[in-house]
Structures are given as structure tokens and as C-alpha cells.
Amino acid sequence: MAEIKPLRAWRYHPRFSKQIEEYTSPLFDVITEEHRRMLYENPYNSIHLSVPRDVPPYENVARRLESWKQEGILVHDMVPAIYVYYQYFSLPGIDKTFCRKGFIANIKAYDWDERVVLRHENTIPQSVEDRLEMLRHTRLNVAPTHGLYTDPSHRLEPLMDEAMQAPLYETEDYQGVVDKLAVIHDAEAIRCFIDLMRDKQVILADGHHRYSASLAYRKERMRQNPHHSGHEPYNYHLMYFTNTEADDIRILPTHRLISGLKNFDLQSFCVALEPYFTIKPVADPYTLQEVITGKPWAFGVILPGRYLKIRLKPELTAKVEELVPWDFPALIKRLDLTVLHALVIENALGIPGKEQAKSENIQYTRSLGECVDKVRGGEAQLALINREISIETVKEVCYSGYTLPQKSTYFYPKVVCGFLFGSVHDDEFNALADRLFS
């Protein structure tokens, strides 16, 4: 199954360690334009490698990376290692500090049909091509993607806990998440990680476009290399691994904002819902998330001056597969979001299922407050609030070979960029690791 390797990471020179927070950055798909402009002001912030302003042409980021290496801004760790990465965070309404524990290593970029790395959502070709061009020019994984493995015995956690007694870095990001990085050099401990992962499948939680770019890069280089062995640097991809059996894996819901519908009529919308849903008014829109928690096929609806809880009628729950007109397997038809997109967005709002993924009428947000504000301010005609999906549902769908509806998951928190970088350059890859751990 999953072949992983330790890596010799590129990291900021130790002189930057105490101020490492000034050089880290959020992933490009969760950062606001204002925050991005602020980060660009530091000429050595990692954002200049992950989302550079002067790309394309992609040669610019390649020159910048080489300059940082030559100037000693980035230095190459001397020996291969497993990097331990913990994230401490809290969530509104929950009196607990969570700690998501994981480790960073290289994994072979398996093709999807090998069923080792499993995707849960589809990708946009243009975004994959952008990440592929970055990889072609820099041969650098700027930030790890996020993969999930399953180990009920928690065999690796004691090794990670021990390493975290002496962290290399500790930062607090703009959302209050505390990120810590530590390192494991011990060969016997590293072997434990490699051995445990050898029989695992990995669910890709976050980073589908970056992983797809690594996969495309591997295939491209394989075609160019008549002596391909499978051990070349281009075969590997940088990933952060967390255990699905931990109680600190949090998946937040992503809500739908609807705007720009011609001839939208509130009364007609509610009439279209009535055959399928019980409809109850809610006084406070900020309670909608709480109101639908734990209730299958229940959603919140924010309308101008009116807030509703809708739930699939009890007599219809046994016939969900018949209600969804799309050619999906039963497992996918029974998902909350499939019902939402079929019976509310297609049937009641008139946006055909085949057009929804690219529809300009549908925007996505993780913020309930943003939903309230945009409907009240007239920027959206309505908002659809859904509950979080469980890790067990994600596992069930991925192991079955299917993918979830678009924007089903938001694994929180996101991985920070800038703690380390993983090279797939022929002259920089961890040949020492091959000798020690192959």
C-alpha cells in the first residue's frame, strides 16, 4: 500500500527561527486579499513561493527559490527525518482545546486507480495546471497536502509526543491556531512510521489540486525517462498525515450562498419545498447550525427577514434514492448534500445538477455570519446552511470508490505554509533515505 519516506527538508535558516511566524503563510485558498497584501510586504515570506505575485511567468519563482538558497535564506537539513506537526485550536461553543497530531513525510504519488491514495472530490483542470507549472519550474513541494490514515492502535502517537517535547517552531496564526513542528531523526523510530503506513490506504483530506499536479508531474517524467525505476525523486509528494481515529479531526460545514437568479420568487420557492420538507420558522439565524445538528437531511434557510429550518419529511426518508433523480449510487444519493443539491438547488431553485459545479449563482462560505450579512445586505438572495459531515461518512464514500458532492468538507485547521519545503530535485532528494530505509 502506501510507501512513505523521510525527507531532507529545506527550511528557513536557524537565524529566522525565533521570528518564524513572520515567514509562514496560510494556504492560498483560505487567505483574504488584504491578508495576502500584508504578507507580500515581507520579501522572504513563504507566500512568495506558494502564491507569488509575479507568476506567470513561472521562471520568476524558480529564480527566487534559487536566490533564497544561494543567499542562505533557506538551508537544506543534513539528514532525512520525519517531521512531527501538531495544531492546537478551539471552536466556538465548545469548551475544549483540540490538538490535531500528525507527521510530515514523502509519499509516492500513486495514480487514483491504484486505490492507495483516495480522493473525495474532483479537481479543476486549470488549478491543477497552475500547480503543475510551479512544480516543473521549482521541483519543490511548497506545503504538504493533508492525508488521513486509520490506526485504531495509535502506535505512532507516543513517538510523536516524545518528539514534540522539543519543538523546532511554535507559531500562532491569524485564526488563533497554534502550530508546532518537531523532528525525528532516530532510524528505528522512522522505521516504525514506514512499517505502519505500508498496509494503509490514505484518504486525501485537503490538497487535491497539488496532489494531482504531483501525479501529473510523475507521469510526465516517467515518459521522459527510459530507465524509470520508481525510486526517482519525481515519484514522491509531500504530505501531512493524521489518524482518522483521533478525536481531534474536525470537519466544518460549507454553506451555499445563492445570488443572481432571475425571477426568483420567495413564495414559489417555499411552495416547491413543501412536497419534500417540513418547514419551521426560526427566530434567530445564528442558531440555525445548532438547530440542524445531528438531524439527517435537515438544513437552514436564510431569506430576507425570514429564517427557516427545513427537514425531509419522515415518510420520505426511506425513499431518498427515488427522490434524487440523478444517476448516482445509493450511498451518494443518501448524503445530506446530495439531497440539498437535488431537491432544493435543482428542484426548488431551478439550477440543473449538471450546471451546479460551475454555476455563477452558487458561492460557498464556511461562515454562518457571512451568510446572514450577505442576505440581509442584498448581496445574496438566500443562504442554505448545512451540518458537518462525519469522518465515518468520508471514509465510507472514499473506500467505496466514489467521491462526495462538491464542497462537502472543510478539514479544520489548514496546514501552515513555511515550516518546511520538500524538494523533488534530482540533486537534492534524500538518496541517504533510500540507502537507510529501502
Side-chain angles (χ1 to χ4, degrees), residues 30 89-96 98 175 250-261 264-314 316-317 320 323 334-349 351 356 359 361-391 393-394 404-413:
V30 298
F89 61 99
S90 59
L91 293 172
I94 302 178
D95 186 21
K96 173 185 175 180
F98 296 92
Q175 292 179 306
R250 307 302 299 182
I251 309 174
L252 305 185
T254 301
H255 310 303
R256 277 67 175 148
L257 284 162
I258 308 297
S259 60
L261 291 178
F264 173 71
D265 177 70
L266 175 59
Q267 186 62 35
S268 298
F269 170 66
C270 291
V271 168
L273 293 177
E274 286 176 356
Y276 304 101
F277 298 95
T278 58
I279 303 173
K280 295 183 177 180
V282 175
D284 184 353
Y286 293 101
T287 65
L288 282 172
Q289 193 72 64
E290 180 182 351
V291 165
I292 64 175
T293 295
K295 299 177 177 66
W297 306 300
F299 311 96
V301 183
I302 299 176
L303 297 160
R306 190 177 180 189
Y307 319 113
L308 307 173
K309 170 198 166 185
I310 64 172
R311 188 176 185 185
L312 194 66
K313 291 183 175 180
L316 298 180
T317 57
V320 171
L323 298 176
R334 294 188 66 83
L335 296 174
D336 280 14
L337 281 177
T338 305
V339 170
L340 179 72
H341 278 261
L343 300 186
V344 179
I345 297 180
E346 178 176 86
N347 187 68
L349 293 175
I351 307 175
Q356 289 176 12
S359 174
N361 301 114
I362 309 173
Q363 286 80 42
Y364 303 91
T365 179
R366 286 102 189 180
S367 170
L368 177 59
E370 182 181 358
C371 290
V372 174
D373 291 343
K374 288 199 170 182
V375 173
R376 285 178 173 174
E379 296 179 65
Q381 291 164 306
L382 71 150
L384 301 170
I385 309 303
N386 55 274
R387 63 194 184 107
E388 65 186 47
I389 192 170
S390 72
I391 187 64
T393 298
V394 174
L404 293 161
Q406 66 266 29
K407 301 292 184 181
S408 292
T409 63
Y410 181 76
F411 286 86
Y412 183 84

Problem - Any donor-acceptor pair under 3.5 Å from Q356 side chain to H341 backbone - result: yes

Handout entry: Atom pair CG (L308) and CD1 (I302), whose distance is rounded to the nearest 0.5 Å
Key = 10.0 Å

Practice task
Indicate the atoms forming the closest heavy-atom contact of T254 with T409, along with that distance.
Solution key: OG1-O, 4.3 Å

Practice task
Drop me the distance from L261's CG to S359's OG, to the nearest 0.5 angstrom.
Solution key: 7.5 Å

Handout entry: E379-S259 side chain donor-acceptor pair, cut-off 3.5 Å
Key = no

Handout entry: Exercise: do Q289 and H255 side chains pair donor with acceptor under 3.5 Å
Key = yes

Exercise for the section: Return yes if some donor-acceptor pair links the side-chain N/O of D336 with the main-chain N/O of W297 below 3.5 Å, else return no. Expected result: yes

Fill in the blank from the handout: Heavy atoms of K295 and R387 approach each other most closely as O-NE, 3.1 Å

Problem - Heavy-atom donor-acceptor pair, S390 side chain to T393 backbone, under 3.5 Å - result: yes

Practice task
Report the C-alpha separation of F277 and L343 in whole Å, then their side-chain angles, then the decisive distance to 0.1 Å, and conclude whether the side chain to side chain contact (heavy atoms under 4.5 Å, CB included) test is met.
Solution key: CA-CA 9 Å; F277 298 95; L343 300 186; 4.0 Å; yes

Exercise for the section: Quick one: pull up CD1 in I389 and CG in L335 and give me the separation to the nearest 0.5 Å. Expected result: 6.0 Å

Practice task
Can you label the angle between the F89 ring and the Y412 ring as parallel, tilted or perpendicular, going by 30° and 60°?
Solution key: perpendicular

Completion exercise
In this structure, CG of N361 is separated from CD of Q381 (nearest 0.5 Å) by 7.5 Å

